[in-house]
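Counting convention: from 1, in listed order, for ligands and their atoms alike.
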Amino acid sequence: MASSAAPDSPVRQRIVIENCAIATVDGEDTEYTAGHVVVADQVIESVGAGPAPEALANVVRRVDGTGHLLTPGLVNTHHHFYQWITRGLATDHNLFNWLVALYPTWARIDEEMLAAATRGSLAMMVRGGVTTASDHHYVFPDGAGDLVGAELRAAAEVGARITLARGSMDRSEKDGGLPPDFAVETTEGALLATEEALDRYHDASFGSKVHIAVAPCSPFSVSTELLRQGAELARRKGVRLHTHGSETVEEEKFCHELFGMGPTDYFRSTGWLGEDVWMAHCVHMTDEDVTAFAATGTGVAHCPSSNARLAAGIARVPDMLRAGVPVGLGVDGTASNESGELHTELRNALLVNRLGPHREAALTARQALRLGTLGGARVLGREAELGSVEVGKLADLVLWKLDGLGHSTIADPVAALVFGAAAPVTLSLVGGEPVVERGRLTGVDEDEVARAARTQARRLARIAAGG
Ligand code: ZN
């Protein structure tokens with residue numbers, strides 16, 4: 001049955017999308033085999049079976065979605081955009097020796113490099129159906145300029161919503177940490193710069209394009225004090241907290257040796273469990289850890305490809321979901337997931353989790369789609385605004401082409417999207433504005449983005465080599 005909302009103010013323009021299958025990812029998993037969506041300015045005005053109501057005023061565009069599936073835009077909950085210019089390096093490493101190999105290069109980035117890497121990372125994701133993306137940026141070399149501003153300006157060109165998690169590192173080798181001494185900030189410097197980014201850029205309004213979160217990098221690269229004061233800062237400002245947690249057995253060993261407890265207990269002791277917190281990975285979790293996450297509402301960014309690339313292990317996503325832990329999907333940085341796409345993570349989440357103890361009952365295709373949409377929105381604190389196709393939510397919508405070579409013989413459109421090859425995006429809207437049209441980005445030139453990223457990747461490699 002169709003539902004619709006009475007607009008509070010006159011609608012300036014409407015977009016009608018019809019004749020497509022629709023997976024709404026609402027509370028009842030409502031789907032339509034042939035339905036419609038009406039977009040009124042930046043929000044969804046109606047969704048339902050059959051054609052759109054006739055006699056709508058101010059319709060500026062009608063889209064025939066025949067052969068397509070319409071879903072909410074995908075939400076990426078963990079990434080490191082800067083890594084777009086250091087892909088394909090240290091390819092046979094685990095997390096710790098991969099980090100040690102790459103820190104010296106990463107510590108040389110500047111505004112120009114980060115801007116090019118941001119365009120590359122976001123262009124790749126947006127072309128594949130992402131409409132909201134979080135970036136965890138924690139490398140701030142001395143004298144590198146306004147990296148947060150450079151990233152946000154580049155991101156705005158591509159057009160997705162951003163949660164920029166302002167990261168930091170202050171525990172270097174001399175303090176028992178993993179990063180080299182030259183790659184870290186001081187505790188005070190990191191906190192001040194994070195607060196400045198919050199004050200300057202965080203926008204909490206409905207339909208915001210920019211959220212800022214507080215995001216010390218990981219237990220093995222930040223001090224206990226930075227975690228404690230970071231949590232205090234985030235709560236004083238009413239913003240979210242993000243970090244890496246329980247990624248590898250090496251991290252678990254590190255926490256036991258330095259703090260006398262596992263990562264989850266350490267996070268609890270520093271104020272880092274709560275419904276305003278989400279953590280990347282959470283691979284090595286005990287039953288008690290899963291219960292603690294569920295009881296506190298702490299969210300998880302599940303990154304199956306990165307976890308496989310770095311041989312980290314398989315996160316217990318089915319157990320987390322059954323316990324009620326909020327879970328979204330993440331690409332993770334593209335130095336540990338060179339594909340840089342999120343729609344392929346729907347498939348990888350499903351496949352990787354079926355290799356675990358729950359086997360074929362681990363995840364369904366619809367659960368995978370939910371992780372990549374509403375699950376991600378919840379993890380980023382935006383489930384009231386986006387993540388499902390429901391009246392009153394932002395019109396962040398993707399129209400996937402499923403009648404081509406890759407998918408035309410799979411009758412169930414959600415199975416086609418999740419199990420099949422990466423589906424082409426015919427149209428993607430962010431707040432009703434097209435960011436992809438017929439597979440091409442509208443905000444930036446894809447070839448130009450690729451060229452500029454390659455130039456900056458070479459420049460970084462040259463500088464890192466001492467040239
Ligand atoms: Zn990461």
Side-chain angles (χ1 to χ4, degrees), residues 75-87 89-90 93-103 105-107 109 114 117-118 121-122 124-125 130 133-140 151 162-169 171 177-179 183 213-222 227 230 240-252 254 263 267 272 277-285 298-315 317 327-342 345 348-349 352 376 379-380:
V75 178
N76 181 47
T77 59
H78 184 67
H79 206 303
H80 311 289
F81 291 172
Y82 75 91
Q83 292 180 9
W84 189 257
I85 55 173
T86 62
R87 296 195 297 162
L89 304 173
H93 294 50
N94 69 32
L95 175 70
F96 275 15
N97 54 36
W98 172 84
L99 285 169
V100 168
L102 291 171
Y103 280 137
T105 299
W106 292 341
I109 64 157
L114 182 59
T118 295
S121 289
L122 259 180
M124 194 69 197
M125 284 191 291
V130 166
S134 178
D135 181 43
H136 187 184
H137 188 81
Y138 53 84
V139 184
F140 291 90
E151 172 170 335
I162 301 294
T163 293
L164 197 162
R166 204 291 182 184
S168 45
M169 302 194 291
R171 185 192 289 278
L178 206 63
V214 176
C217 187
S218 66
F220 51 83
S221 61
V222 308
L227 281 172
R240 298 182 80 74
L241 299 86
H242 181 52
T243 191
H244 294 91
S246 305
E247 184 171 356
T248 63
V249 287
E250 290 82 9
E251 178 192 330
E252 199 175 2
F254 178 97
F267 285 126
W272 273 75
V277 180
W278 88 104
M279 284 187 212
H281 307 305
C282 304
V283 173
H284 298 279
M285 300 271 279
T298 307
V300 171
H302 175 46
C303 307
S305 293
S306 171
N307 294 157
R309 158 76 152 86
L310 295 173
I314 301 171
V317 172
V327 183
L329 293 182
V331 168
D332 203 1
T334 48
S336 67
N337 178 5
E338 276 77 359
S339 99
E341 300 171 305
L342 190 66
E345 296 301 290
N348 290 349
V352 164
V379 159
L380 297 183

Point to revise | the Zn ion (ligand 1): protein N, O or S atoms that are less than 2.8 Å away, sorted by chain | key: H78 NE2, H80 NE2, H244 NE2, D332 OD1
Practice item. Indicate, with yes or no, if the rings of H136 and H79 have centres closer together than 6.0 Å. Key: no
Check your understanding: So, for H137 and F140, is the gap between ring centers shorter than 6.0 Å?
Key -> yes
**Study point:** Donor on one side chain, acceptor on other, D332 and H80, under 3.5 Å
**Key:** yes
Revision key, fill the gap. A335 and W106 have their tightest heavy-atom pair at CB-CZ2, 4.2 Å
Check your understanding: Excluding sequence neighbours, so at least two apart, what forms salt bridge (Lys or Arg N to Asp or Glu O under 4.0 Å) with R309?
Key -> E338
Exercise for review: Establish, yes or no, whether a centroid distance under 6.0 Å links the rings of H302 and H281.
Suggested key: no
